[in-house]
Amino acid sequence: MARAKKVVLAYSGGVDTSVCIPYLKNEWGVEEVITLAADLGQGDELEPVRKKAFQAGASESLVEDAREIFVRDYAFDAIQANAMYEDRYPLSTALGRPLIAKLLVEAAEKYGADAVAHGCTGKGNDQVRFDVAIAALNPDLKVLAPAREWGMSREATIAYGERFGIPAPVKKSSPYSIDRNILGRSIEAGSLEDPWVEPPEEVFVMAKPIADTPDEPEYVEVGFEQGIPKTVNGNACDPVTLVTQLNAIAGRHGVGRIDMMENRLVGIKSREIYEAPALMVLIQAHRDLESLTLTADITQYKRGIEQTYSQLVYNGLWYSPLKEALDAFVRQTQERVSGTVRLKLFKGHATVVGRQSPNSLYAADMATYGEQDQFDHKAAEGFIYVWGLPTRIWSEQRRRS
Ligand code: ARG
């Protein structure tokens with residue numbers, strides 16, 4: 001029995017997704033495979049990728065430039081939520097999956113496919129993100145994941161591909177598993193599998209080694225409107241340009257490298273290396289601007305929301321009722337988060353050194369220790385009496401008993 005008739009396959013042009021094409025047709029009886037390559041700013045030429053799909057037996061090969069949507073509707077939402085999984089990973093890979101899932105579902109509906117497919121293996125988070133996002137968007141579609149089932153080694157996969165005219169990779173394949181998009185790079189495997197081993201310089205591309213960074217600091221100003229990044233050094237730019245520019249500026253100072261042990265949804269720990277210069281700077285700047293423009297209670301309450309939000313995104317629940325509800329909360333909080341943050345970039349560090357906003361809640365005449373002080377010092381006494389009253393009563397009672 002064929003698993004499906006017509007399938008839309010998420011396609012990168014690499015050996016594994018290429019092998020999925022003949023595999024789906026020959027092993028699983030699929031009649032027609034349509035590939036879809038999404039441009040999320042990974043920097044690959046997509047025209048050759050389009051051709052490769054036909055060579056591997058695809059009946060149609062779609063290419064979509066999704067960079068703008070990716071940054072505007074996924075990354076900028078996550079920045080408003082200051083999303084950092086386990087406080088460290090800005091979700092650069094994770095954010096791309098729900099978008100690719102959406103493009104797959106749209107293509108499946110347009111071309112009348114009864115299934116979508118991806119080349120994820122059974123060990124990572126990405127399979128979960130695809131499968132769950134697809135189920136959320138169109139529960140009637142089947143999801144096929146051949147690489148999760150075929151059990152072929154790397155060599156066997158290449159050999160299988162060669163039988164169907166898929167050329168073996170020309171350059172010696174890298175020992176690392178790398179995922180890349182405009183937001184950053186995720187690097188795992190190879191020598192990195194030993195958590196004690198320092199990542200070799202060769203794994204980094206976006207953030208310069210400290211030895212090669214300028215000896216002078218550089219200042220950069222990021223402007224936000226309602227929590228959305230809009231300007232770099234005073235110049236308005238579209239989302240893709242903004243992220244591209246900040247990647248270059250922060251990257252040349254070595255900003256945005258992350259080396260962490262991470263808890264995957266599938267229950268295993270993995271050692272992950274990331275670089276995400278622009279995203280790290282944007283979250284840092286955005287968070288600082290919130291500290292200036294949001295009340296104390298919102299700022300503090302939002303931290304918990306942010307943590308839940310990050311877990312949902314990491315765990316594949318981008319399209320889910322709780323995520324929608326959190327989005328509404330985050331959106332509401334951003335109304336007055338407008339202004340400019342000034343950062344100093346130097347030797348691998350981005351440090352916020354200034355912030356300003358027309359909506360600033362900073363009351364200089366209240367905060368100052370100088371002549372202009374308007375704060376009613378006497379009022380503090382009564383406040384502290386009431387504030388400390390429960391503690392005083394508790395202490396007295398403890399002494400008695
Ligand atoms: N651990 C990260 C995540 O789950 C990155 C996975 C990236 N995939 C890769 N082939 N390196 O979001």
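Whatever order the structure lists them in is the order used to number ligands and atoms, beginning at 1. Start at 1 with the first residue, then count along the sequence. All figures in this text were calculated on a predicted structure; none of them were measured in a lab.
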Does anything in residues 221-233 form a salt bridge (charged side-chain N to carboxylate O under 4.0 Å, His left out)? List the pairs, not counting sequence neighbours. E221-R342
Should E149 and W28 count as side-chain neighbours, where that means a heavy-atom distance under 4.5 Å? yes
Give yes if a backbone or side-chain nitrogen or oxygen of R129 is under 3.5 Å from a nitrogen or oxygen of ligand 1, and no if not. yes
If hydrogens are left out, which of Y89, Y314, Y85 has an atom nearest to atom 12 (O) of ligand 1, that is, the closest non-hydrogen atom? Y89
Just wondering, do Y309 and L91 contact through their side chains at under 4.5 Å, heavy atoms? no
When distances are taken from atom 6 (C) of ligand 1, the protein heavy atom at minimum range is E188 OE1, 3.9 Å
Do R185 and I178 come within less than 4.5 Å of each other through their side chains, counting heavy atoms only? yes
Which bit of Y274 gets closer than 4.0 Å to ligand 1, counting heavy atoms only: side chain, backbone, both or neither? side chain
Can an N or O of R97 be found at a distance shorter than 3.5 Å from an N or O of ligand 1? no
Looking only at side-chain N and O atoms, does S18 offer a donor or acceptor that is under 3.5 Å from a partner on Y11? yes
Which heavy-atom pair separates V313 from W318 by the least distance, and what is that distance? CG2-CE3, 3.7 Å
Ligand-residue contact atoms, ligand 1 with S186, heavy atoms, under 4.0 Å: 5 (C), 7 (C), 11 (N)
By number and element, which atoms of ligand 1 are closer than 4.0 Å to a non-hydrogen atom of N125? 3 (C), 4 (O)
Is the closest heavy-atom distance from Y176 to ligand 1 below 4.0 Å? no
Residue part near ligand 1, for R264, under 4.0 Å between non-hydrogen atoms: neither
